[in-house]
Engineer: 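Below: one structure in structure tokens.
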2 protein chains.
Amino acid sequence: MQKAMHAPELTKNQRLVLDALSREDGPLSAYTLLDQLREHGFRAPLQVYRALEKLIDYGLVHRLESLNSFVACSHPHDHAHGMIAFAICEKCGQVDEFSDDMVESRLSGWSKDHAFKLSKTTIEMRGTCAQCKAA
Amino acid sequence: MQKAMHAPELTKNQRLVLDALSREDGPLSAYTLLDQLREHGFRAPLQVYRALEKLIDYGLVHRLESLNSFVACSHPHDHAHGMIAFAICEKCGQVDEFSDDMVESRLSGWSKDHAFKLSKTTIEMRGTCAQCKAA
DNA sequence: ATGGCGATGTGATGTTATTACATCAACATC
DNA sequence: GATGTTGATGTAATAACATCACATCGCCAT
């Protein structure tokens, strides 16, 4: 169960990064974001990474570990999202975000049974989406 | 459901990398492996990455996406391992590897429902292990 | 012996992420 | 108004992770 801290007003850089991610339907790497934002004055990776860090804290952006990239949250207003799973199409890059209570309860259960204090869970499925499979 | 292809005899480099990983109780990065193996003649990252790639194919090593590092499989003889989950202690680096049929069936179920052709699943829990929590 | 093939060696390069340090704006306190 | 504090920002350098391109070698089937 992750706690997304409440999001205050975003700063200029955070807004720029979030908007850039929201315009995309798929994930972007930090450096791709940097390139897109150069015209808005971004000059260094750190500007992107700092904005991303906050956006992730606020639950507005997710990091996809298996891609080293970042995606806008698809239900940013659902403040209660716990464990989130991602289905990532390797053909088209599309990402589906979903939760499953049973998965969450099994993983939490394992943690409880093993006295493991869970702080963050990554669930990422790689494969081919329905559309790409059809094509 | 991952398919681990049957492992043939390992090559010299694969053997060296696997042995190095097996000696550790936690994960190692490719570059840490490289450093450890310099005395055995390793000189370039690619030697490590190539060996790792095969070892992963054979199911003898797992990649931890959230750590960019690699760990020897804890049940390398269990040829049937499907989805594997990892519990990673952020204090001591210890990794517990386990499977859960229910988790697997829920994620497979989602994939089937969404016509998503699943090729590989990453499940990584970060937190604090029982020992570190006690200490 | 010749060709094919998988493994290896090597250097250069590409990509992702962080460290260190300087500056700035907003706001509070004296 | 001067001063301190805090969070955001700017910038350069560097660290950490991963791949590309190309040459070579050993093995084995023809």
Engineer: Within the pair A:T11 and D:dT9, is there a side-chain N or O less than 4.0 Å away from OP1 or OP2?
Structural biologist: yes
Engineer: Shortest non-hydrogen contact from A:R43 to A:R38?
Structural biologist: O-NH1, 3.7 Å
Engineer: Residues from residues 36-52 of chain B sitting under 4.0 Å of DNA chain C, heavy atoms only?
Structural biologist: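 Residues of residues 36-52 of chain B that come under 4.0 Å of DNA chain C are, in numerical order, B:R43, B:A44, B:L46, B:Q47, B:R50.
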Engineer: Output all residues satisfying side chain to side chain donor-acceptor pair (under 3.5 Å) with B:Q36, sequence neighbours left out; order by chain, then residue number.
Structural biologist: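 With neighbours one apart ignored, the set is B:E24.
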Engineer: Quick one: which residue pairs count as a ring-ring contact (aromatic ring centres under 6.0 Å, His included) with a foot in residues 24-45 of chain B, not counting sequence neighbours?
Structural biologist: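 Every candidate ring-ring contact (aromatic ring centres under 6.0 Å, His included) pair involving residues 24-45 of chain B fails, so no pair, neighbours aside, qualifies.
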Engineer: Give the table of side-chain donor-acceptor pairs shorter than 3.5 Å for residues 126-135 of chain B, with sequence neighbours excluded, one pair per line with atom names and distance.
Structural biologist:
| from | atom 1 | to | atom 2 | distance (Å) |
| --- | --- | --- | --- | --- |
| B:R126 | NE | B:E90 | OE2 | 3.4 |
| B:R126 | NH1 | B:S66 | O | 3.3 |
| B:R126 | NH1 | B:S66 | OG | 3.1 |
| B:R126 | NH2 | B:E90 | OE2 | 3.4 |
| B:K133 | NZ | A:A115 | O | 3.1 |

Engineer: Compare side-chain N and O positions of A:N13 against OP1 and OP2 of D:dG10 and report whether any pair is under 4.0 Å apart.
Structural biologist: yes
Engineer: Please give, in whole Å, the distance from D:dT9 C1' to A:K12 NZ?
Structural biologist: 9 Å
Engineer: Indicate whether OP1 or OP2 belonging to D:dA18 is found under 4.0 Å from a side-chain N or O atom of B:N68.
Structural biologist: yes
Engineer: Taking only N and O in the side chain of A:K54, is any of them less than 4.0 Å away from OP1 or OP2 of D:dA8?
Structural biologist: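 Yes, because at least one side-chain N or O of A:K54 sits under 4.0 Å from OP1 or OP2 of D:dA8.
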Engineer: Can you check whether A:Y31 stacks with the C:dT15 base, using ring centres under 5.5 Å and planes within 30°?
Structural biologist: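 Whether judged by distance or by angle, A:Y31 falls short somewhere, so it does not stack on the base of C:dT15.
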Engineer: For A:A30 and A:V48, work out which heavy atoms get closest and say how close.
Structural biologist: O-CG1, 3.6 Å
Engineer: Output the rounded distance in Å from CG (B:L34) to P (C:dT8).
Structural biologist: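 Atom-to-atom, B:L34 to C:dT8, this comes out as 15 Å.
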Engineer: Between C:dA7 atom C1' and B:E53 atom CD, what is the distance in whole Å?
Structural biologist: 12 Å
Engineer: Without hydrogens or angle criteria, can the side chains of B:S29 and B:T32 be said to hold a donor-acceptor pair below 3.5 Å?
Structural biologist: yes
Engineer: Atom CG of B:L33 and atom P of D:dA18: how far apart are they, to the nearest Å?
Structural biologist: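 Taking CG of B:L33 and P of D:dA18, I get 11 Å after rounding.
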Engineer: Could you list all the ring-ring contact (aromatic ring centres under 6.0 Å, His included) pairs where at least one residue sits in residues 95-135 of chain A, not counting sequence neighbours?
Structural biologist: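 Listed once each, the pairs are A:F98-B:W110, A:W110-A:H114, A:W110-B:F98.
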Engineer: Once you round it to whole Å, what is the distance between C1' of C:dG14 and CG of A:D35?
Structural biologist: 13 Å
Engineer: Could you check whether B:F70 and B:H62 have their ring centres less than 6.0 Å apart?
Structural biologist: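 Aromatic pair excluded; centres sit 6.0 Å or further apart.
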Engineer: To the nearest angstrom, how far is B:E9 atom CD from C:dG6 atom C1'?
Structural biologist: 16 Å
Engineer: Show me the protein contacts with nucleotides 25-29 of chain D, counting only N or O atoms at under 3.5 Å.
Structural biologist:
none

Engineer: Roughly, in whole Å, what's the span from CZ in B:R63 to P in D:dC17?
Structural biologist: 10 Å
Engineer: Return the minimal non-hydrogen interatomic distance between A:V61 and A:L52, and the atom names on each side.
Structural biologist: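 Nearest pair, atom of A:V61 first, then A:L52: CG1-CD2, 4.2 Å.
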Engineer: Atom CG of A:L67 and atom C1' of D:dA18: how far apart are they, to the nearest Å?
Structural biologist: 15 Å
